[in-house]
Amino acid sequence: MVAALNIENLRKVYGDGFEALKGISMEVKQGDFFALLGPNGAGKSTTIGIICSLVSKSAGSVSVYGVDIDKDFPGAKKNLGVVPQEFNFNMFEKVGDILVNQAGYYGLPRALAAERAEKYLRELGLWEKRDSPSRMLSGGMKRRLMIARALVHEPRLLILDEPTAGVDIEMRRSMWDFLKKINEAGTTIILTTHYLEEAEALCRNIAIINNGDIVEHTSIRDLLRRLHREVFIFDTAEALPELVEVEGFYVRRVDDSTLEIEVEKGQHINDVFAGLDLAGIRVTSMRNRANRLEEMFVNLVEAAA
Amino acid sequence: MSYAEQFVALMTLLRKEVRRFLRIWPQTLLPSAITMSLYFVIFGSLIGARIGEMGGFDYMEFVVPGLIMMAIVTNSYANVVSSFFGSKFNHSIEELLVSPTPNYIILLGFILGGITRGLLVAFIVTCVSMFFTRLPIYSVGIVIGVVIFTSTLFALAGFINGVFANNFDDISIVPTFVLTPLTYLGGVFYSLDMLSDFWAGVSQLNPLVYVVNAFRYGVLGVSDVSVGFAFLMIGGFTVIAFFYSLHLLNSGKRLRQ
C-alpha cells in the first residue's frame, strides 16, 4: 500500500546559509495518526512548509499518496489539508465565506462548497458564527475555523501544526475527540504539538526531529516501552521525618508532606508502598512527576545535542 | 485540476475580489466619483471656459476621456496592489498557495478583480461626466480595446508592486510618485502640440501618453500619437507584465521561503 506521506533525503538551506533540514527521511502510513515532535527551531514547520509548498526545498523528494510534488504538485495538494500554526485567514471575511472560498480553490462547485462548509462548521460548533467576520471569533473558535477550512475539500492527509496552542483544556479535549473521529473515518493525520500528552493520547507513531535531523522514528508504544524510569510523587498524611528511606528505591524528600520516588524499569510500585508502610508513612495521593513521553523526549533531544 | 475546476477556482477568486471592493465602496468607488466631479467643475467648467477650444473640441470635452482613463488606471492598479499585498500581509494568500489552483489562475483572478473595479469606476465617472458634457463615441471598438488593455496593464503593474512591497508605504509610493505624475504629464489636460519639440519628444517616453491619446481617439477621433502605435505599446507592455508576473508567482519570489 502506498504511503500517505513519503519523505526522502529532504534538505533545506535558507538564503542565509542556515541548514534547517539535513536530509531527513520518514514515512507516514495511510490511516496513521502521526506525531512530529521537536523543540522550537528543530525543522518541523519547515518540513510542513515544504509539503504544502510554502517553502521550497533544496534537495530530496516528497510524495503525498504516491504523488511526487515535483511531478504533480496540484495533484499532491488535492490530497492535502493543512492547519498552520498562525492564523492565516482574512480577518474581515465572514466565517462561512472563508470555507466556501477555500473549497472553490480546490475546484468544488459553489453548491457543494456551501454544503461542505455547513457540514464542517456544524461539526466544529461554528455554524452559528457563519455570518460573523472571522476577527470576531475567540481564539479557540479561530483554531476550529482553521481545522474546518483545512477539511472542506475532504483531504486524505491532514497536517496540523500545533492546533491546540492557546486553547483551554475543555476545548482541547473536544478537538481531540473530533480529530480521533476523522482519523477513525480514514483521514491520515500528522500532528505537531508542544503538549506531549496530546501526542501520547492521540498518536500511534512518532518522529522526533532535532536540529534538522530525525532522531527517532518509531511507534509511541515502542518509545514508551523504552522508558527506563518513572518518577512518582507521593503526598503523605502526616509530616515526614528528615530522613526517609525505601529499600531499593531512590527517594527524595521534597517538603514536610511530599516525597519523590524513582521507579526503574522492572521494579514494582507495590514494593514502594510496602516500603513506605514499613517506614510508617501513610500515603494520601500519588501522581507522575512528569508526562512519560515528555521525559523520553527531553532525553532524546539532549542525547542528540 | 481539470479546466472546469480551474474555472471554479477563477470564479471563486474573482467573486471574492469583487465582494471585497464592494464591501468597502466608500474607499474604492466613491472617491473617484468625487475627485472626477471636482476635476469637471474646476478644470472643465471654471477654468475650461476661459481656455476655449483644444484639438477642435471644447476644453471640457477634451479632458473628459483623459479623466476617465485616469480613473481606470488608478483603480485597476490600486485594487490589485492593495488586495494582493493585504493577502500577503495577513498571510491569507497561503489559502491560495497551498491549494491546487494553478498560478496563472491566481494571477488572472487578481487581474480580473482589478479590471472589474476599473470598469465599474469608469462607468461611474462616465455617468458623472454626462452632467457636464456630451461624449460622442468615435469608435466603440477602440474605446473597449483601450479600456480592457489599459485596466489589464495597470492591474498587472499593481500585482508586481504587491509582490515586491514589504509594507503599506511601499504600495502607496508608486501611485503617488510615479503613477500620478505620469498621468498628469500624459496629456490629460493638454495637447502635446502645445509643447516644444523637446518636451513633446520626452512625453513620447511616458506610457500614459499612449493610453490617454488612444482613448481620446476612441471617444473624440483626435490623438497626438498614432493609435496603432499606441495599441502596440499598450499591448506589448501588457504581455511583458503578464509573463513577468507569472514568473514571479512561479518562482515564489517574496511569497515562498
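Computed from a predicted model, the values in this text were never measured in an experiment. Quick note on labels: first sequence line is chain A, next is B, and so on, each numbered from 1.
Across A:Gly81, A:Pro109, A:Ala113, A:Ser53, the residue that shares the most heavy-atom pairs under 4.5 angstrom with chain B is A:Ser53. Ranked by non-hydrogen atom pairs under 4.5 Å with chain B, the options A:Glu86, A:Met91, A:Arg110, A:Glu93 are led by A:Arg110. In terms of heavy-atom pairs under 4.5 angstrom with chain A, the leader among B:Thr101, B:Leu97, B:Val98 is B:Val98. Between chain A and the options B:Ile93, B:Leu13, B:Leu96, B:Leu10, heavy-atom pairs under 4.5 Å are most frequent for B:Leu96. Residue with the most contacts toward chain A among B:Ala9, B:Ser87, B:Ser99: B:Ser99 (heavy-atom pairs, distance under 4.5 Å). Interface check for chain B: of the options A:Pro84, A:Cys52, A:Ala76, the most heavy-atom pairs under 4.5 Å are formed by A:Cys52.
Heavy-atom distances place the side chain of B:Arg15, and not its backbone, under 4.5 Å from chain A. Interface residue A:Tyr14: only side-chain heavy atoms are found under 4.5 Å from chain B. For A:Asp72, no part lies under 4.5 angstrom from a heavy atom of chain B. Contact annotation for A:Leu108: only backbone heavy atoms (N, CA, C, O) come within less than 4.5 Å of a heavy atom of chain B. Residue A:Val82: no heavy atom, backbone or side chain, is found under 4.5 Å from chain B. Of the atoms belonging to A:Phe73, not a single heavy atom falls under 4.5 Å from chain B.
Salt bridge status for A:Arg143 with A:Glu162: absent, with no side-chain N to carboxylate O gap under 4.0 Å. In summary, A:Lys12 and A:Glu19 do not engage in a salt bridge, as defined by a charged side-chain N under 4.0 Å from a carboxylate O. The existence of a salt bridge linking A:Lys181 and A:Glu123 is confirmed by a sub-4.0 Å separation between a basic side-chain nitrogen and an acidic carboxylate oxygen.
For B:Tyr77 and B:Phe154, the ring centers sit 6.0 Å or farther from each other.
Residues A:Lys78 and B:Pro100 come closest through the heavy atom pair CG-CG, 3.8 Å.
Ring pair B:Phe84/B:Phe110 is perpendicular by interplanar angle, where above 60° counts as perpendicular and below 30° as parallel.
Counting only N and O atoms by type, the side chains of A:Thr192 and A:Asp161 include a donor and acceptor under 3.5 Å apart. For the residue pair A:Asn101 / A:Arg149, no side-chain donor-acceptor distance below 3.5 Å is found, with atom types taken as modelled.
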